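Note sheet for the following structure.
Just so it is clear: chains get the letters A, B, ... in the order the sequence lines come, proteins before strands, and each one is counted from 1. For the numbers below, each heavy atom of this structure counts, side chains included, while hydrogens, waters and symmetry mates do not. Keep in mind the model is a prediction, meaning the values are calculated, not measured.
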Amino acid sequence: MTQPETLLQVRNLKKYFPIRGGIFGKKVGDIKAVDNVSFTVNKGETLGIVGESGCGKSTTGRSILRLEEPTAGEVEFEDSLLNELNGEEMRRMRRKLQMVFQDPFASLNPRKTAGAIIEEPLTVHGIGEARERKEKVKELLQVVGLDAYHAERYPHQFSGGQRQRIGIARALAVRPKLVVADEPVSALDVSVQSQVLNLLEDLQEKFGLTYLFIAHDLSVVRHISDRVGVMYLGRMVELAERDTLYDNPLHPYTQALLSAVPVPNPDAERERIILTGDVPSPSDPPAGCAFHTRCPYVMDICREKRPEFQDQGDGHFVACHLMDE
Amino acid sequence: MSAQPTPSPVTTQDPKTEGEEREALNSSLRDAWRSLFRHRSAVIGGGIVLFFILLALIAPLLVPYGFNQVDADARLQAPSAAHWFGTDDLGRDIFTRIVYGARISLWVGFFAILGSIIVGSLLGLIAGYYGGWKDIIISRVFDTLLAFPSLLLGIAIVSMLGPSLENAMYAIAIINIPNFGRLMRSRVLSVKQEDFVLAARAVGMKDWRILLKHVMPNSWTPIMVQGTLGFATAVLEAAAFGFLGLGAQPPEPEWGKMLSDSRQFIQSAPWTMIFPGMAIMFTVLGFNLLGDGLRDILDPRMKQ
């Protein structure tokens, strides 16, 4: 196997949302939605990011695309630092970076036809003549498994799965290199989920796409990802090859998370790790390791020092003091 | 990674012909029209409004007199076959003046409201979309304008500009700006949170294009309703300015001015007041009914 080519490198990404209070709107604190996250995405792979609601996985995706302006950190895509581009440069760069949204109902303008929605990115980036674009739209509709005549219809005339296909066609229209898929199937019925997942896989193969696939559903992520990162309270706690992560999770949080996945066998003997307590507030995360308040193996050092996100060999990154034992 | 050769085909309900497709496309618009006709008060209001518009358009064809045709022999005559609504103290035919007055009221109402919609929406759009200091400045200006009773503010503006119909129109436009501005701002604040606006940014669209193509089209329905209701207010305000002598100047046949001119004859010749008053009342009523109807129809929660 050849050395994989890095497409996207995220270094120490932070996104803090200020909390304002008082009559003058003075800043009284920060919601640390993304707190010092680093990872790389290789060309042609799918990196899955999992975590529970509010752990900052969506914000990570949006900060990379600068839909939210990151507070700190670097995002290197191909040879440019996205966080240093000015408005116009970033706008042009968006041709290579597209996004698929979670809610197929909210992410399509209800007053535009499917055709107009898919054509928009082409118009914005000045691709093709009006007629070519119309042809391209028809082609794209077919690529995502719809029919050319659907171009005339409005979003409300489609089902959820079909709408998500329109969203995917819009993302693909400009032939991007990286697609950030933010929970692209979690709003869909289970039967439709697999259709859309298969479509995403087919398109990846066909167009050589790279996915940053954000989801909370562990089995969906397992199905589609090459590597998987686990986030907790704005931090990346573990990142590894898919099979390594699912078969041999090293971080206690990942272990607990994986033990919660239902197994379709009622007699299966397995040990469930039940976490107690709630996720701490990201406005006041615990000192040291963010997970120490709920960790079954908590040690003294966990309360004081934040563990480094280190490679434990074979690209298996873990942020846990247990690894140093 | 598992790779299947083709995506599972999507089954669309039933194949439709080209014609049916087009019908489905226009259905939502037609639904709105249809429910407009089913809505009783909207139909009545629309009828009244249409009646006055027609009156204004064909005014010269409708009446044998000029609106400023003085007849010293026919002063303060009661309604008759020759003078349907009677005559005023200068012997001018009141029906004629009311018909011509419709032109003035509708003209003032239309342009004043159009002006406040344009300026107000634009400011609201900027305030809502960009936020920050732009929002603070614009919103505080709106607050300041709203802090004064609107008529009082209008009087202040007209007295600065000098009393005339045109200046009254400007004043009405200015005092109505914050209504539309705030409405637009609040709509934009909610629309810009929608995923499709984020999607437009992710696609690489420029701000002004997002505003024009995505935010505006999804924000204008309440503006339309408010505009119709505002039209009624504007007609009333124009009449009020006329009444106070700050709007239309003699001999313009403005309804409010007609009211104030005939105050002294309220007992001896009540028709000089009743008919202009009724004209104002019905115009305002018509626009209010129409506006209420539109609000019901365009409110998605009211849809069955």
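Other residues, nucleotides and ligands contribute at most 12 non-hydrogen atoms within 6.0 Å of the OH atom of B:Tyr170. No more than 12 heavy-atom neighbours from other residues, nucleotides or ligands sit within 6.0 angstrom of CE on B:Met216. By the neighbour-count criterion of 12 heavy atoms within 6.0 Å, atom NZ of A:Lys136 is densely surrounded, having more than that number from other residues, nucleotides or ligands. Residue A:Phe207 qualifies as enclosed at atom CZ: its count of foreign heavy atoms under 6.0 Å is above 12. Within a 6.0 Å sphere centred on CZ of B:Arg40, heavy atoms belonging to other residues, nucleotides or ligands number 12 at most. Residue A:Arg92 qualifies as open at atom CZ: its count of foreign heavy atoms under 6.0 Å is 12 or below.
Residues of residues 190-200 of chain B having a heavy atom under 4.5 Å from any heavy atom of chain A, listed by number: B:Glu194, B:Asp195, B:Phe196, B:Leu198, B:Ala199.
A heavy-atom distance below 4.5 Å is not found between the side chains of A:Thr123 and B:Lys213.
Just one of A:Met99, A:Arg91, A:Gln98, A:Arg95 meets the side chain to side chain contact (heavy atoms under 4.5 Å, CB included) condition when paired with B:Val203; it is A:Gln98.
Looking at A:Ile117, there are no atoms closer than 4.5 Å to chain B (heavy atoms on both sides), in backbone or side chain. Residue A:Leu65 does not touch chain B at all, counting heavy-atom pairs closer than 4.5 Å. Proximity to chain B (any heavy atom under 4.5 Å) is shown, for A:Lys206, by neither the backbone nor the side chain.
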Exercise for the section: Just do the side chain to side chain contact (heavy atoms under 4.5 Å, CB included) check on B:Met205 and A:Arg94 with the steps written out, would you? Expected result: CA-CA 9 Å; B:Met205 210 176 271; A:Arg94 292 192 187 282; over 6 Å; no
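A:Arg66 approaches B:Arg201 most closely through the heavy-atom pair O-NH1, 4.1 Å.
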